[in-house]
Structure formats: structure tokens, C-alpha cells
Amino acid sequence: MEASEVLEGGEVARCGEEERLRRWRMVLGGGPADGTGYAPSGDDAAMDKALAALYGRAEGRGRAGAERAAGLGGAAPSVARWLGDIRTYFPSSVVQVMQRDAIDRLGLSSLLLEPEMLEAVEADVHLVGTLLSLNKAMPEETKETARAVVRKVVEELEKRLASRTRTALTGALDRSARISRPRHHDIDWNRTIAANLRHYLPEYRTIVPERLIGYGRASQAVKKEVVLCVDQSGSMAASVVYASVFGAVLASMRSIATRLVVFDTAVVDLTDQLDDPVDVLFGTQLGGGTDINRALAYCQSRITRPADTVVVLISDLYEGGIKDEMLKRVAAMKAAGVQFVTLLALSDEGAPSYDREHAAALAALGAPAFACTPDLFPDVMAAALEKGTIPMPEGAAG
């Protein structure tokens with residue numbers, strides 16, 4: 001090995017060790033106990049300062065002996081500067097997490113009532129949920145800015161989810177329109193083969209189908225009805241946002257009659273506003289109690305074609321109403337032919353907190369209860385429209 005190669009290898013090793021110490025220092029946050037001996041400078045120092053403002057510990061001491069206490073000063077100018085700093089030094093996904101943590105840890109919700117603050121934040125689903133919870137306290141001069149922020153998020157979600165949802169549901173509607181004498185290109189071969197297995201001829205190693213099963217093409221007439229019944233208690237904020245977007249997408253399909261109902265202890269029908277999900281969202285009121293039974297009673301009263309109706313209850317099932325009546329109502333709808341699905345959450349946040357006893361009771365009625373991501377929702381709806389097996393994540397509740 002040449003001497004230059006030895007030197008180069010040593011330099012790489014030193015750089016690797018320095019980078020390792022740098023990363024540990026940025027994670028541990030400094031102070032005499034971190035043991036790295038690394039002193040941030042330049043962009044590292046700026047990132048360290050932004051992190052310390054949010055996650056610093058009062059008992060630790062950072063560079064130059066300064067106490068690293070969490071806090072942004074509580075004033076709009078200092079928070080606005082901090083928001084600018086984190087957008088400069090961190091990717092968008094990290095910025096959104098830090099913003100949520102700042103709102104939760106440092107109580108910055110009130111600052112979101114100021115238009116200049118709203119213009120500085122990185123908009124995401126969680127920010128929309130926070131704005132909706134502040135809606136009634138929002139001054140008039142802030143509302144237009146807040147609507148612009150909400151609209152930006154809604155449009156991004158529609159762009160991401162609408163096309164796949166329409167494709168999945170259109171296919172499901174086409175397949176559900178079964179016909180007994182299909183043309184060749186309309187034959188559903190999987191169902192045809194399954195229905196004619198008894199006509200298998202072993203000498204020819206083939207099936208002679210006596211009955212063809214096909215599917216027609218969905219016309220513009222209403223084929224199915226969908227009722228989205230959404231819990232608007234504070235813990236369901238992200239689910240309310242996604243449900244409003246999906247409600248607008250479903251309402252845009254002529255072959256599906258869509259109804260959107262939100263509830264806490266009261267029930268509000270927002271179906272007339274489904275042409276604009278932003279209006280829907282500002283028509284909600286996050287927070288308050290929960291009366292699932294009352295909401296399902298209203299939905300049940302609006303069902304005219306049970307065999308062609310899908311009811312999707314989006315709730316963590318913490319019922320403040322009459323539990324036994326709620327379960328009887330679900331059983332009655334299912335007995336009438338309604339497809340009933342319970343989503344414990346409609347979000348990307350993973351397993352939610354939910355009432356396990358109620359989830360188990362619904363599952364026993366044949367009404368699956370599980371958390372659903374927005375990407376899985378089109379497949380869930382397609383299966384429900386076809387009265388097929390509902391796809392559920394592994395380890396789902398019901």
C-alpha cells in the first residue's frame with residue numbers, strides 16, 4: 001500500500017469520526033455530559049439554536065455556558081424568526097413536526113390568530129386541525145388568511161387522492177352492475193369460473209361454462225349511496241380533514257349519492273357544502289363531547305335504499321351517548337342490507353387511542369372497526385361498494 005493511500009485512509013477515518021461526533025452532539029444537545037467535545041459552528045450552530053429553543057433542557061448548559069431552556073419568548077416576532085430558521089435548515093417534513101411540537105409544548109396556538117404568523121408557517125393537515133379548533137376565536141382579519149392556508153392543504157390532498165379514489169370506485173361500481181348475458185369483453189372470468197367448477201371435464205382439462213357472469217358499465221344514474229358519519233371531537237382533527245376531502249371527491253361522482261354528517265353531542269349535516277371542502281371544514285367545530293347513537297339515528301333516518309348504501313362511521317368510539325342503543329342501531333342497519341364500516345381514524349398517524357370494548361362489539365356484529373390511512377381508503381370504499389371483503393391493515397382492531 002502506498003503512503004498516500006495510508007494518509008488518505010486515515011483522513012477518511014478522521015472525517016468519519018468527526019461526523020459521528022457531530023451527529024451525536026446535535027442529538028444530545030450539548031452540555032458537559034454529552035461527551036462529544038464537538039463545538040457546532042456555522043449552520044450547525046444555527047440548527048442547534050433552533051432545536052434548543054424548542055427541545056432544550058433547563059438543567060443542561062450549552063455552548064459558552066448558556067442555559068438551554070426551551071422557549072421562543074412567546075412573542076410573534078421571535079416565533080416568526082424561529083419559523084424562518086427551521087424552514088431554512090430542515091426539510092419540510094421535519095418542519096411540520098417541529099411546528100406541531102411547538103404548538104403542543106410551548107402553547108403557541110394563540111399566535112396562530114395573527115395573520116403574519118399564519119403566512120410564516122408550513123401548512124399541513126395538523127395545522128389545519130389546529131386552525132379549525134381556533135375558528136370561533138379567530139378575529140375577522142385572520143379568517144381570510146386562515147382560509148387560504150386551509151385551501152392550500154386541501155388542494156394538495158385532493159391532487160394526491162382524488163384520481164385514485166375515482167378510479168377505484170368507478171371500477172367497483174362497474175363490477176357491481178352484474179349482467180347475466182355479458183358480451184365477451186364484459187365477462188368476469190374469475191366469477192364465471194368459480195360458478196361453473198362443477199362443469200369441469202377432466203378428459204379435456206377444461207371447464208364448460210353453462211352460465212356467464214359479467215359486469216356492465218356504470219351509467220350516470222345513482223348506483224350507490226354513501227354516508228360519511230364523522231366524529232368531530234378534538235382527537236379526530238386529522239380524520240375530519242381527510243373525511244371532508246374524500247367527501248368532496250365522492251360527491252363529484254354522479255353515480256354515488258354522498259352525505260356528510262359531523263357530530264359531537266349535536267349532529268350537523270354538511271352535505272349541501274360538499275362542493276367546497278374548505279366550507280365543509282369551517283362548518284365543523286372541533287372539540288366537545290360525543291354522541292354516536294344520536295348521529296347514527298340521524299344517518300339511519302336518511303337511508304332510503306339500504307341494500308345500496310354504505311355507512312362509514314369515523315370515530316374513536318368513546319361514546320357519551322347510549323352504548324346499547326348505538327349497537328342496536330348498527331345491527332338494524334346491517335340487517336336491512338347496509339354495508340357498515342367503522343374507521344377508528346382516517347389519518348397517517350398510526351394506531352389511535354380508541355374504545356376497545358365498543359370496537360369489539362361492532363366487530364361481533366360483522367361491522368369491522370380499524371384505523372385506516374388515506375391511501376387505503378379508496379380500496380376500503382371499493383370493497384364496501386362491491387360488498388366484498390374489506391381490506392384491513394395487519395393487526396387491525398376488527
Side-chain angles (χ1 to χ4, degrees), residues 109 112-115 117-119 121-166 169 222 225-288 290 294-295 298-299 302 310-315 343 345-347 374 377-378 381:
S109 296
L112 294 178
L113 301 179
E114 302 180 22
M117 289 301 302
L118 280 178
E119 293 170 355
V121 295
E122 187 84 16
D124 68 347
V125 169
H126 299 279
L127 177 66
V128 170
T130 301
L131 291 177
L132 296 178
S133 69
L134 297 171
N135 184 25
K136 299 303 182 185
M138 197 173 287
E140 286 301 320
E141 61 269 21
T142 305
K143 286 187 176 180
E144 283 307 309
T145 306
R147 286 185 71 89
V149 171
V150 172
R151 187 168 297 282
K152 177 184 176 183
V153 174
V154 165
E155 288 176 352
E156 290 174 351
L157 291 177
E158 282 188 303
K159 189 181 301 183
R160 167 188 155 195
L161 301 169
S163 177
R164 182 168 177 271
T165 300
R166 292 192 184 101
L169 270 58
V222 170
E225 298 182 7
V226 173
V227 181
L228 300 178
C229 185
V230 187
D231 184 345
Q232 61 176 351
S233 58
S235 60
M236 301 295 294
S239 298
V240 170
V241 176
Y242 280 115
S244 299
V245 172
F246 278 118
V249 173
L250 294 176
S252 71
M253 302 178 65
R254 294 183 181 179
S255 50
I256 298 177
T258 304
R259 183 177 295 276
L260 177 65
V261 176
V262 299
F263 67 93
D264 40 39
T265 53
V267 180
V268 180
D269 192 328
L270 297 175
T271 303
D272 291 343
Q273 300 177 39
L274 275 175
D275 58 332
D276 187 345
V278 176
D279 286 342
V280 169
L281 288 170
F282 278 95
T284 64
Q285 178 58 55
L286 292 175
T290 308
R294 175 178 290 186
Y298 176 83
C299 294
R302 296 300 185 270
V310 176
V311 174
V312 182
L313 171 64
I314 303 175
S315 173
L343 303 183
L346 179 55
S347 71
F377 185 77
M381 289 304 303

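Residue numbers count from 1 along this sequence. Since the model is a prediction, treat every value here as computed from it, not as a measurement.
Taking both residues in full, the closest heavy atoms of C299 and V227 are given as SG-CG1, 3.7 Å, listed atom of the first, atom of the second, then distance. Closest approach of F246 to P374, counting heavy atoms only: CZ-O, 3.3 Å. Contact between T258 and T271 at its shortest, heavy atoms only, is O-CG2, 3.4 Å. Looking at every heavy atom in both residues, L157 comes nearest to V245 through CD1-CG2, 4.0 Å. Residues L346 and A243 come closest through the heavy atom pair CD2-N, 3.9 Å. Closest of all the heavy-atom pairs between R294 and T265 is NH1-O, 3.0 Å.
For R166 (side chain) and M253 (main-chain N/O), no donor-acceptor pair under 3.5 Å exists by modelled atom type. Side-chain atoms of Q232 come within 3.5 Å of backbone N or O of Q285 as a donor-acceptor pair.
Rounded to the nearest 0.5 Å, atoms OH (Y242) and CG (L161) are 7.0 Å apart. Once rounded to the nearest 0.5 Å, the distance linking CG of D272 with CG of D279 reads 11.5 Å. For the atom pair CG of L270 and CG of D276, the computed distance is 12.0 Å after rounding to the nearest 0.5 Å. Note that the CE atom of M381 and the CD1 atom of I256 stand 6.5 Å from one another [nearest 0.5 Å]. Note that CG of L131 is 13.0 Å distant from NE2 of H126, once rounded to the nearest 0.5 Å. In this structure, CG on L260 lies 7.5 Å from CG on D269, to the nearest 0.5 angstrom.
The cationic atom of R147 (NZ for Lys, CZ for Arg) lies less than 6.0 Å from the six-membered ring centre of F282 and within 45° of the ring axis.
Salt-bridge annotation for K159 and E156: absent, with no side-chain N of the basic residue lying under 4.0 Å from a carboxylate O of the acidic one.
Residues V261 and R259 have side chains in contact (heavy-atom distance under 4.5 Å, counting atoms from C-beta outward).
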- Task: Kindly determine whether M236 and V230 satisfy side chain to side chain contact (heavy atoms under 4.5 Å, CB included), including the steps that lead there.
- Result: CA-CA 9 Å; M236 301 295 294; V230 187; 6.0 Å; no
- Task: Carefully, step by step, assess L127 and V121 under the rule side chain to side chain contact (heavy atoms under 4.5 Å, CB included).
- Result: CA-CA 9 Å; L127 177 66; V121 295; 3.3 Å; yes
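The side chain to side chain contact (heavy atoms under 4.5 Å, CB included) test with L228 singles out one residue from L274, V262, L250, and that residue is L250.
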